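Letters A, B, ... are given to chains in the order of the sequence lines, protein chains preceding strands, and every chain is numbered from 1. Since we're looking at a predicted model, the values are computed, not measured.
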There are 2 protein chains.
Amino acid sequence: MRDPLPDFPGYSLRRAANATAAELSLRLAPLELRQVDASVLILIGENPDVTASALGRQLDIQRANMVPLLKRLEDAGLIERNPLDGKSQGLALTATGKDKCKQAQAIIEKFEAEMLERVPEPHRQHLLPALYALWQ
Amino acid sequence: MRDPLPDFPGYSLRRAANATAAELSLRLAPLELRQVDASVLILIGENPDVTASALGRQLDIQRANMVPLLKRLEDAGLIERNPLDGKSQGLALTATGKDKCKQAQAIIEKFEAEMLERVPEPHRQHLLPALYALWQ
DNA sequence: ATGGATTGCTATAAACAACAACAATTGTTA
DNA sequence: TAACAATTGTTGTTGTTTATAGCAATCCAT
């Protein structure tokens, strides 16, 4: 079939993102974590007592949509909330959460390395800076 | 906030894809087309009498999900169906569809060009081949 | 001619994201 | 310090997208 779409960088960007996201999801499934869960765990691990609102801003997830996400992680015993003042609550990883986070990071780092290996050497080092420029 | 995520190519890939998709959606909105609509119109334009199943395979969209998509395009008077045999139907652009498709292509090409301009020159030519390797 | 594959479709469910609204609390500044 | 503005965590709702299973009709290959 004649298909001019893959020559559009924007189209290939979408397809590449879908393909890699699907594969990472498969690899995170044994941990019963989604990608967004892993992102949140990593960010909380790096920033103890971060608030739900701040997390949402960093990840471009609306406050309202953080609620079920955090509830799921809390129900799974991975995070806990500590009141910072009368209205904000700081998030932190539980012991189980720290363990899961470490496992997830290992999976992600392996996945990222394998993903980069698939990119022909001459282009490899240009990928991250090019992507970075598109959304930062 | 400490955020190691943007250093993961996979994460930046997802964020870049989201950011660019959101912007392209805005630009296509005046035509009342979504990105997937534009993709389908372009593919049909290049391949008259293609079937819904073949389209779905090319775009990685399941047969079942092509139904409402094509119905929408048909209701908008952009495509028409011609029976090829007792069960398959060939898709083609109507006159209105051809016009819309051309407008969409113009918007997309302008968008892609501007997107590439945002990528620093040394990395620019490497983006498409790198992305291509990730999903082809 | 029969059995397997394909086509188009229905129906359903899950995940994800967008929006508006709300009470409570915090901060800002007049 | 009193009043006003902004922020936080929620709820509820909606729309979009995608996945899954199933079905009748038709095509194709042996």
Side-chain angles (χ1 to χ4, degrees), chain A residues 1 11 14-15 17-26 28-29 32-40 44 47 49-76 79-92 135, chain B residues 1 11 14-15 17-26 28-29 32-40 44 47 49-76 79-92 135:
Chain A
M1 185 185 310
Y11 179 82
R14 186 152 54 101
R15 293 299 298 259
N18 286 347
T20 55
E23 187 174 335
L24 180 54
S25 284
L26 284 183
L28 287 176
E32 290 182 300
L33 289 181
R34 308 177 193 169
Q35 289 169 67
V36 70
D37 296 337
S39 306
V40 166
I44 295 178
N47 303 276
D49 270 351
V50 70
T51 65
S53 290
L55 264 187
R57 276 190 296 271
Q58 190 69 22
L59 294 168
D60 268 326
I61 300 176
Q62 307 211 0
R63 266 196 336 270
N65 296 327
M66 295 294 299
V67 177
L69 200 170
L70 293 177
K71 177 166 177 7
R72 199 154 29 82
L73 295 178
E74 192 180 22
D75 289 349
I79 65 172
E80 58 189 6
R81 323 193 193 208
N82 311 307
L84 296 181
D85 54 35
K87 87 174 159 180
S88 297
Q89 43 192 330
L91 302 170
W135 71 278
Chain B
M1 186 185 313
Y11 180 81
R14 186 152 55 100
R15 294 297 298 259
N18 286 347
T20 55
E23 187 173 335
L24 181 54
S25 285
L26 284 183
L28 287 176
E32 290 182 301
L33 288 181
R34 309 177 192 171
Q35 288 169 66
V36 69
D37 296 337
S39 305
V40 165
I44 295 177
N47 304 275
D49 270 352
V50 69
T51 65
S53 291
L55 264 188
R57 277 189 296 271
Q58 189 69 21
L59 294 169
D60 268 328
I61 300 176
Q62 307 214 4
R63 264 193 338 258
N65 296 328
M66 294 295 299
V67 178
L69 200 169
L70 293 177
K71 177 165 178 8
R72 200 152 30 83
L73 295 178
E74 192 180 23
D75 288 348
I79 64 172
E80 59 189 7
R81 322 192 194 208
N82 311 307
L84 296 180
D85 55 34
K87 87 173 159 181
S88 297
Q89 42 192 326
L91 302 171
W135 69 278

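- Taking 4.0 angstrom as the limit, A:Gln89 places none of its side-chain polar atoms (N or O) nearer than this to OP1 or OP2 of D:dT7.
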Run the side-chain donor-acceptor check on residues 55-69 of chain B: report pairs under 3.5 Å with partners two or more places apart or on a different chain.
unit_1, atom_1, unit_2, atom_2, d
B:Gln58, NE2, A:Asp3, OD2, 2.8
B:Asp60, OD2, A:Arg15, NH2, 2.5

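- Applying the side chain to side chain donor-acceptor pair (under 3.5 Å) criterion to A:Ser53, with sequence neighbours excluded, gives no partner residue.
- Protein atom NZ of B:Lys71 is 9 Å distant from nucleotide atom P of C:dT10, rounded to whole Å.
- Note that CD of A:Glu32 and CZ of A:Arg72 are 11.0 Å apart. Values are rounded to the nearest 0.5 Å.
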Throw together a table of side-chain donor-acceptor distances under 3.5 angstrom for residues 79-87 of chain A, partners on residues two or more places apart or in other chains.
unit_1, atom_1, unit_2, atom_2, d
A:Arg81, NE, A:Glu74, OE1, 3.1
A:Arg81, NE, A:Glu74, OE2, 3.4
A:Arg81, NH2, A:Glu74, OE1, 3.0
A:Asp85, OD1, A:Lys87, N, 2.8
A:Asp85, OD1, A:Ser88, N, 2.8

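- Closest of all the heavy-atom pairs between A:Arg14 and B:Ser39 is NH2-OG, 3.7 Å.
- If you measure from atom CG of B:Leu69 to atom C1' of C:dG8, you get 14 Å, rounded to the nearest angstrom.
- With sequence neighbours excluded, the residues that form a side-chain contact (heavy atoms from CB on, under 4.5 Å) with A:Glu23 are A:Arg27, A:Phe111, A:Arg118.
- Rounding to the nearest 0.5 Å gives a distance of 6.5 Å between CG of A:Leu73 and CD1 of A:Ile44.
- Atom CE of A:Met66 and atom P of D:dT11 are 14 Å apart (whole Å).
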Per-nucleotide protein contact string for nucleotides 11-21 of chain C (B base, S sugar-phosphate only, - none; heavy atom under 4.0 Å): B---SSBBBBB

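- Not a single side chain to side chain donor-acceptor pair (under 3.5 Å) links B:Asn47 to another residue, sequence neighbours left out.
- Rounded to 10 degrees, the angle separating the terminal helix axes of the helix from C:dA1-D:dT30 to C:dA30-D:dT1, each built from five base pairs, is 30°.
- Following rounding to the nearest Å, B:Gln58 (CD) and C:dT7 (P) show an atom-to-atom distance of 14 Å.
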Close N/O contacts between protein and nucleotides 26-29 of chain C (under 3.5 Å):
unit_1, atom_1, unit_2, atom_2, d
C:dT26, OP1, A:Gly86, N, 2.5

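- By the side-chain contact (heavy atoms from CB on, under 4.5 Å) test, B:Ala19 pairs with A:Trp135, sequence neighbours left out.
- In this structure, CG of A:Leu70 is placed 15 Å from C1' of D:dT11, rounded to the nearest angstrom.
- Considering only residues two or more places apart in sequence or on other chains, B:Arg34 meets the side chain to side chain donor-acceptor pair (under 3.5 Å) condition with none of them.
- Between atom CG of residue B:Leu91 and atom OG1 of residue B:Thr51 there is a gap of 7.0 Å, rounded to the nearest 0.5 Å.
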